[in-house]
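Beneath this line is the structure, given in structure tokens, with notes to follow.
Residue numbers start from 1 in every chain, and the chains themselves are labelled A, B, ... in the order their sequence lines are given, proteins ahead of strands. Since the structure is predicted, the reported quantities are computational estimates derived from the model, not experimental observations. Reckoned from all heavy atoms, side chains included, excluding hydrogens, waters and symmetry mates.
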Amino acid sequence: MKNFIQDSGGQFGPFGGCFAPELLQPVIKRIEKIFEDFKASPELQAEFHKKLKHFAGRPTPIYHAENLSKTLGGAQIWVKREDLLHGGAHKTNNVIGQSILAREMGAKYLIAETGAGQHGIASAMAAAQIGLPLKVFMGAKDVVRQKVNVERMELLGAEVISVESGSRSLKDAINEAMRYWISHAEDTYYIFGTAAGPHPFPELVSLFHKVIGEEARAQILEETGKLPDEVHACVGGGSNAIGIFQGFLDDKEVKLVGAEPGGDGKRHGLTLGKGVIGCLHGSISKVNCDKNGQIEESHSISAGLDYPGISPIHAYLQSIESAEYVGITDDEAMEALLKFSRSEGIIPALESSHAIAEVMKRAPKMNKDQILLINLSGRGDKDLHTVFEYLENQK
Amino acid sequence: MDRYKAAFAQLKEKKESAFIPFWMIGDPNPEDSFKVIDTIAQHADILELGMPFSDPLADGPTIQASVNRALQAGTTVDDCFGVIEKIRNKYPEKPIGLLVYFNLALQYGLENFFARCDAVGVDSVILPELPVESVEISDPKNQESDSIIEMARKYNVHLTFLVSTNTPEDRLQKILSYASGFLYAISKPSLTGAKTKLSQETVKMVLKLKQQTDTPVCVGFGISEPDQIKELTENKADGCIIGSKLYEFKDDLKAMSEFCEECKKASKV
């Protein structure tokens with residue numbers, strides 16, 4: 001299993017590949033080349049790790065959620081605090097890495113897509129830090145529900161482009177970013193936000209987030225003297241999950257569990273749960289589409305998980321049964337967010353709350369000496385608008 | 001006889017290039033799209049037809065709007081094949097190319113898809129996201145299947161590849177080794193959409209490609225005026241594909257027919 005991602009050449013069983021329009025193939029090949037250079041360069045890697053430490057604030061701690069563990073009366077719940085990373089989510093790891101690639105490639109402009117706004121903010125931070133102008137494509141629906149994040153991106157100097165086409169969410173933001181890139185490939189680098197898309201994006205995004213799992217494994221061993229029984233993460237496109245999973249892929253006894261957005265029960269984003277093998281945004285993976293092949297709109301209360309595609313690496317891990325993927329509804333995620341906030345004094349992102357919700361189901365059925373580790377991928381400040389609107393509607 | 005070979009041989013004899021109009025099947029609905037395609041077919045040497053896909057990431061706003069109308073009318077993949085079959089029956093000799101995003105063909109089952117293409121008389125398929133490196137893979141949904149290129153050949157379907165002024169030389173050589181039917185040369189790297197000026201780079205690319213391959217070279221993306229067709233024909237292009245511009249006439253088939261007639265005239269040197 002070791003390094004299966006980095007040795008894959010972008011092919012994960014039947015999943016992966018570089019199914020991008022011909023006009024993008026030359027620039028993607030250039031990125032592949034620069035990425036190979038990065039992997040072979042101790043200097044560039046040292047720069048990456050230095051920025052992770054001094055700019056992003058790594059390592060992030062792990063924290064024992066003792067109150068919640070006690071209330072649930074079962075397994076001990078630990079969280080990896082990616083919410084404490086600069087920017088408020090794990091996304092910063094990836095953009096630091098990709099901004100180095102962009103600079104090495106000689107790009108003059110940056111583009112990015114964003115769902116919840118976290119990747120947009122992280123990209124805006126990285127763009128400001130390396131001094132390149134950035135355009136962020138964001139679904140019009142998300143521009144409304146993540147207003148504060150739009151303002152943060154603008155404050156950091158990025159231009160936010162509201163995407164009105166299609167379902168006006170993350171999928172369409174990616175379409176628009178790809179379209180823009182096709183016309184500007186010569187001098188523009190696309191900071192892809194998740195471990196999906198055409199090769200080498202799944203591989204490089206995974207590599208830049210690998211630090212989450214490496215730290216978490218060492219930290220849990222140090223704090224508890226043993227490995228966790230299960231590692232949990234939410235899964236939209238799949239970047240934070242693959243980040244933490246990579247620390248435990250060789251530990252056969254550790255179960256890996258991803259929580260997908262079950263939405264309101266009818267409308268959902270259960271790509272691994274209900275999707276079929278298909279092609280979306282540059283790779284073969286699982287997709288939610290109708291029998292004709294038309295991509296279906298996903299739904300989730302959390303903008304960051306609202307995506308009908310998924311990383312080909314997760315599709316592969318599911319197919320070889322190395323990881324398990326479950327669905328969590330909007331209601332369950334919201335309940336977990338409230339419960340975690342009030343018992344631990346930490347407001348988790350709605351995305352991460354999906355993983356917490358799954359753990360809340362499992363912990364009571366487990367023994368007190370068992371450990372459940374959650375990747376707390378982001379903080380929930382950005383979700384206040386959604387949370388209070390939800391609570392208002394419950395009245 | 002291969003319809004492309006026959007068509008290009010005839011054109012060569014007449015010293016003409018191919019006029020290749022594009023329309024999205026199902027826009028505004030399957031039945032009326034047949035009428036539009038029938039209208040343009042009367043002036044076309046080759047037809048290029050699209051199947052509507054929810055996420056057309058290589059297309060500009062005009063074709064996106066066309067896709068939306070087709071999908072809102074409920075157009076299915078089988079509806080599209082139905083329209084093609086009707087066109088084929090009316091125009092037995094005219095080559096028909098099909099542009100289809102990969103997921104539509106995947107969900108239909110690649111083998112079934114190519115077989116259906118053969119049955120209704122599709123001569124070539126553009127899968128815009130399928131890179132030349134992946135034509136030797138089998139159907140991702142059926143690992144036991146033949147490779148994609150083998151399936152296409154088995155069902156007499158040419159795979160059409162795109163090249164642009166940005167395609168590196170080694171990549172171009174790989175593409176040329178698989179090219180058949182015709183080569184789709186893109187003027188300036190961009191999305192589909194109407195533009196009015198032809199770049200000299202495009203003309204140079206066509207002249208260069210003509211020295212490198214016997215496969216006919218047709219130019220598309222951003223072609224919108226008969227003058228551009230004339231210039232490209234004079235510079236050895238074997239055909240010109242016009243898509244987005246036709247949508248200006250979508251509510252006036254008579255005007256569309258007249259425009260196509262002008263385009264065809266411009267393709268005669």
Side-chain angles (χ1 to χ4, degrees), chain A residues 9-30 164-167 171-172 174-186 197-199 276-297 308-309 312 315, chain B residues 51-61 64-65 67-68 71 74-80 100-108 113 126-134 137-143 161-168 170-172 175 184 186 188-193 221:
Chain A
Q11 199 64 44
F12 311 97
F15 307 109
C18 186
F19 294 86
E22 179 58 35
L23 291 174
L24 288 178
Q25 294 287 342
V27 67
I28 290 171
K29 292 281 179 296
R30 290 214 303 279
E164 297 286 349
S165 62
S167 59
K171 154 180 103 77
D172 309 283
I174 296 178
N175 287 341
E176 253 348 277
M178 290 258 188
R179 287 181 186 126
Y180 181 90
W181 202 24
I182 286 173
S183 315
H184 300 82
E186 264 174 72
H199 174 68
V276 295
I277 296 174
C279 181
L280 176 67
H281 295 148
S283 55
I284 303 290
S285 187
K286 288 183 92 176
V287 295
N288 281 327
C289 63
D290 67 15
K291 64 180 188 330
N292 270 294
Q294 308 297 350
I295 306 301
E296 285 173 335
E297 286 182 22
Chain B
M51 276 193 184
F53 175 54
S54 54
D55 293 78
L57 53 76
D59 286 301
Q64 285 176 47
V67 165
N68 290 343
L71 290 180
T75 308
T76 65
V77 172
D78 277 322
D79 289 339
C80 293
V100 53
Y101 282 87
F102 201 31
N103 199 50
L104 298 187
L106 278 179
Q107 302 313 326
Y108 204 81
F113 188 85
I126 301 175
L127 294 161
E129 310 117 300
L130 179 73
V132 67
E133 291 87 352
S134 297
I137 65 165
S138 51
D139 182 345
K141 297 188 76 147
N142 173 17
Q143 299 280 297
F161 294 95
L162 278 64
V163 297
S164 83
T165 44
N166 269 17
T167 310
D170 56 337
R171 186 168 183 81
L172 178 64
I175 291 172
Y184 196 131
I186 293 170
K188 197 180 153 42
S190 65
L191 303 172
T192 57
F221 281 40

In terms of heavy-atom pairs under 4.5 Å with chain B, which of Pro14(A), Gly17(A), Ser167(A), Gly166(A) leads? Pro14(A)

Examine whether an atom of Val287(A) lies under 4.5 Å from a heavy atom of chain B, and if so say whether it belongs to the side chain, the backbone or both; otherwise answer neither. side chain

Assert top hit (heavy-atom pairs under 4.5 Å, partner chain A, pool Ile137(B), Val77(B), Val163(B)) equals Val77(B)

Relative to chain B, which of Glu176(A), Lys29(A), His281(A), Lys291(A) shows the most heavy atom pairs under 4.5 Å? Lys29(A)

All heavy atoms of Glu22(A) vs all of Leu162(B), minimum pair found to be CG-O, 3.1 Å

Drop me the distance from Leu280(A)'s CG to Leu57(B)'s CG, to the nearest 0.5 angstrom. 8.0 Å

Rounded distance (nearest 0.5 Å) linking atom CD of Gln294(A) with atom OG1 of Thr75(B): 9.0 Å

In terms of heavy-atom proximity below 4.5 Å to chain B, should Ser165(A) be classed as side chain, backbone, both, or neither? side chain

Please name the residue in the list Leu130(B), Asn103(B), Leu127(B) that meets the side chain to side chain contact (heavy atoms under 4.5 Å, CB included) test with Phe19(A). Leu130(B)

Closest contact, heavy atoms only, Gln107(B) versus Ile277(A): NE2-O, 2.9 Å

Examine whether an atom of Pro52(B) lies under 4.5 Å from a heavy atom of chain A, and if so say whether it belongs to the side chain, the backbone or both; otherwise answer neither. backbone

Under 4.5 Å from a heavy atom of chain B, the part of Glu296(A) involved: neither

Side chain, backbone, both or neither: which part of Pro128(B) has a non-hydrogen atom closer than 4.5 Å to chain A? backbone

If you measure from OH on Tyr101(B) to CD1 on Ile295(A), what distance do you get to the nearest 0.5 Å? 12.5 Å

Give, for atom CZ of Arg179(A) and atom CD of Gln64(B), the distance between the pair rounded to the nearest 0.5 Å. 3.5 Å

Candidate pair Val132(B) and Gln25(A), rule side chain to side chain contact (heavy atoms under 4.5 Å, CB included), full reasoning: CA-CA 10 Å; Val132(B) 67; Gln25(A) 294 287 342; over 6 Å; no

Which value, rounded to the nearest 0.5 Å, describes the distance between Asp55(B) atom CG and Asn175(A) atom CG? 4.5 Å

For chain A, which candidate among Ala58(B), Pro131(B), Gly60(B) shows the most heavy-atom pairs at distances under 4.5 Å? Pro131(B)

If you count heavy-atom pairs within less than 4.5 Å of chain B, which of Gly13(A), Pro198(A), Gly278(A) leads? Gly278(A)

Side chain, backbone, both or neither of Asp139(B) within contact of chain A (heavy atoms, under 4.5 Å): neither

Quick one: which of Ser134(B), Pro56(B), Pro61(B) has the most heavy-atom pairs under 4.5 Å with chain A, could you say? Pro56(B)

Point-to-point distance, once rounded to the nearest 0.5 Å, from SG of Cys289(A) to CZ of Phe53(B): 8.0 Å

